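All values reported here derive from a predicted model rather than from experimental measurement. Here is the naming used below: chain letters follow the sequence lines, and residue numbers restart at 1 for every chain. Side-chain atoms are counted along with the backbone in the values below, which use heavy atoms only and exclude waters and symmetry mates.
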Amino acid sequence: MRWTRSLITTLRDDPQEAEIASHKLMLRAGMLRKVGGGLYSFTPLGLRALRKVEKIVREEMDAAGALEILLPALQPIELWETSGRASQMGASMFRLKDRADRTMVLGPTHEEVVTDYMLHEINSYRQLPVIVYQIQTKFRDEIRPRFGLMRAKEFIMKDAYSFDTSLDAADASYKAMYDAYVRIFRRCGLEAHPVEADTGTIGGNHSHEFMVLAPSGEDGILHCAKCGYSANQERAERRTAGSRYTTKAGSPEEVATPGAHSVDEAAASMGVPSTQIVKSLVYLADGKPVLAIVEGNTEVNECKLRRFLGCSILVPADIETAEKAVGAPFGSIGPVGVKIPVYADIGLKGARDVCVGANKDGFHLRHVSIEDDIKAEWADIATVVEGDSCPHCGEPLSIERGIEVGHVFKLGTKYTEKFKATYLDDKGVPQTLVMGCYGIGVTRTVQAVVEQSHDDDGIIWPASVAPYHVDLLLLDPNSPEVVKAAEELESALEAQGIDVLLDDRAERPGVKFKDADLIGFPFRVVAGAKALAKGCFEVRARGDKESALMPVGDTAAWISARIKEKLAGA
RNA sequence: CGGGGAGUAGCGCAGUCUGGUAGCGCGUUUGGUUCGGGACCAAAAGGUCGCGGGUUCGAAUCCCACCUCCCCGACCA
């Protein structure tokens, strides 16, 4: 491909809209163009990288025995009513009406459609297990699209679904997908770490996310250097010795704390550390009020609380609802004597001398014992932070930021029960299918590669996802000898399956060098009259400081060997 | 949805306070000189100043409403 025919336009300045490196670089390198908030066009250059990631995903899915299918993005709402997710996905699902006034949905994911498909397709245990996958556009009406492809309203996802006869059998499918994911991300040149994760609105009982470590990542990941425990902050657990206020100091007594509503205000007003204050928060679990209590210096983790309660929607109660549920003014709510269920974080275990809201404006209670004075159920519901103890080995946990590029779920029978998707076992008895689902954000993966692999000059593509492997830079586009030698090299490389971009622009060398670094070709070959007079090209790998002179006749073989090494070794 | 910021040429920005019909750099086109890390000279194309009202002799600029984009947040009491 010739540069002058390729529609590649690079930008010298960072577009004002972009915040993080990968987003800036993809715009500057001319891979993406913005259409609107969370909506992007792929240019020919950008699409080449996207297609390469897709190709790797396809190869590994096929190798793992999954079958490629294609499901409609436009779906009838009825399927979502069957699963019960029509309300649960709520505002994040695009809805529209067709001409007959039927409500349709632009699929944010495809559990419903694929379960409906399998319900009709699978009759016998002899057909199982089966894994299907597709690479397709998903639509989500994100609260706030962000960072280019990282969180977009329309994006490309690989989604796979497994169907098995039993939970044990489903474990094998899960492992096959998990292992395929490890290979996919490695081949994309990504360092992606599997971590234990929350299942969110997808549901199920067990899941791992594949996280690319990057400071711009939207998720916190707790990691134990000693035993290897890794988990998303949404789900991470901790080991705790319980409260440090274990000595009973008397019976609960009211203390006037005028104007003190927050934990810090209450602590200051009563002259105690914030850890001795108990924070009380009212939530609505599927509409039912509950009270969650944690130590004053920790946060309630809504994902963990939701999972503990087994409810599908958990939201903080608004002021009015909270006051009505507890019968106390907002800002003084506490767990003593309330009529709604109370869930106490395990960090409060053994607490016999703590302070809580008195359910009376301007007052707190001190000398409260959780076990003696409150009817509460113990639960692990606090957000784990850096320095907390590993739940397995007790070592301090570290925290890093991560980009979620993949997520694998054990779903069990959550969807197949709702859809009555059954098969006949070897005794002719109907059984419910056991399901798993597995997603990779393909467009997000492309950007994650850039986020993880760049320098001040531009992108550093791994050979496996580079839009072109080689930038063949014509230093003297007007010299017939130089052009001829370059064209011969291009043909020789292309015959080896190497993607070459011939920079035939009438630009000064500096411009071409800068663009080569910005776009980030793994290799750059300079074809110029001076070197050619010595029978050589100049060859340089992206990131190397110096170029090497290489005899014209050896160049194609050397480069294609290097690239094939990288592709095989990745 | 709440808070903050911003919409002026393809990209980055000035001009807005103090109204007088639009400018700079990069990029693009043409010609010339250059030619190893984003050259120089000359000429040129390109903008209903986000949209709609209003005030005014006159609005990018003042007033009112709206739209869009970016950032922070998600009722942690």
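- The separation between A/I293 atom CD1 and B/C76 atom P is 18 Å, rounded to whole Å.
- For the pair A/F147 CZ and B/C69 C1', the interatomic distance rounds to 15 Å; values are reported in whole Å.
- For the pair A/I143 CD1 and B/C69 C1', the interatomic distance rounds to 18 Å; values are reported in whole Å.
- Residue A/R146 is classed as a sugar-phosphate contact, given heavy-atom separations below 4.0 Å to backbone atoms only.
- Closest to the side chain of A/E17, out of B/G25, B/C76, B/C70, is B/C70.
- Proximity of a side-chain donor or acceptor of A/N301 to a complementary backbone N or O of A/Q233 within less than 3.5 Å is detected.
- Residue A/E302 has its side chain nearest to B/C75 when only B/G36, B/C72, B/C75 are considered.
- Distance from the side chain of A/Q16 is smallest to B/G12 among B/G12, B/C76, B/G73.
- Note: CZ (A/R505) to P (B/G38) measures 14 Å, nearest angstrom.
- A salt bridge links A/R151 and A/E142; the closest N-O separation between the charged side-chain nitrogens and carboxylate oxygens is under 4.0 Å.
- Relative to the side chain of A/V511, the nucleotides B/C71, B/C75, B/A39 differ in distance, and B/A39 lies closest.
- Of the side-chain N and O atoms in A/R144, one or more sit less than 4.0 angstrom from OP1 or OP2 of B/C72.
- Protein atom CZ of A/R508 is 5 Å distant from nucleotide atom P of B/A39, rounded to whole Å.
- Salt bridge A/D380/A/R238: present, at least one basic N to carboxylate O contact under 4.0 Å.
- If you take atom P in B/G19 and the same atom in B/C63, they sit 12 Å apart, rounded to whole Å.
- Side-chain proximity of A/L11 to B/G27, B/G36, B/C11: nearest is B/C11.
- Looking at the side chain of A/E299, the nearest of the listed nucleotides B/C76, B/G27, B/G36 is B/C76.
- Rounded to whole Å, the C1' atom of B/U16 lies 14 Å from the corresponding atom of B/A6.
- Rounded to an integer number of Å, the gap from CG of A/L27 to P of B/G12 is 10 Å.
- Look at CZ on A/R540: it is 10 Å from C1' on B/G36, rounded to the nearest Å.
- Classification of A/R2 and A/E490 as a salt-bridged pair holds, one side-chain N sitting under 4.0 Å from a carboxylate O.
- You'll find the ring centres of A/Y40 and A/H23 inside the 6.0 Å limit.
- When distances run from any side-chain atom of A/L475 to the nucleotides B/G38, B/G36, B/G25, the shortest one goes to B/G36.
- Between B/G36 and B/G23, the distance separating the two P atoms is 37 Å to the nearest Å.
- Set against B/C72, B/C75, B/G38, the side chain of A/D318 has B/C75 as its closest nucleotide.
- At whole-Å resolution of the value, CD in A/E507 and C1' in B/A39 are 11 Å apart.
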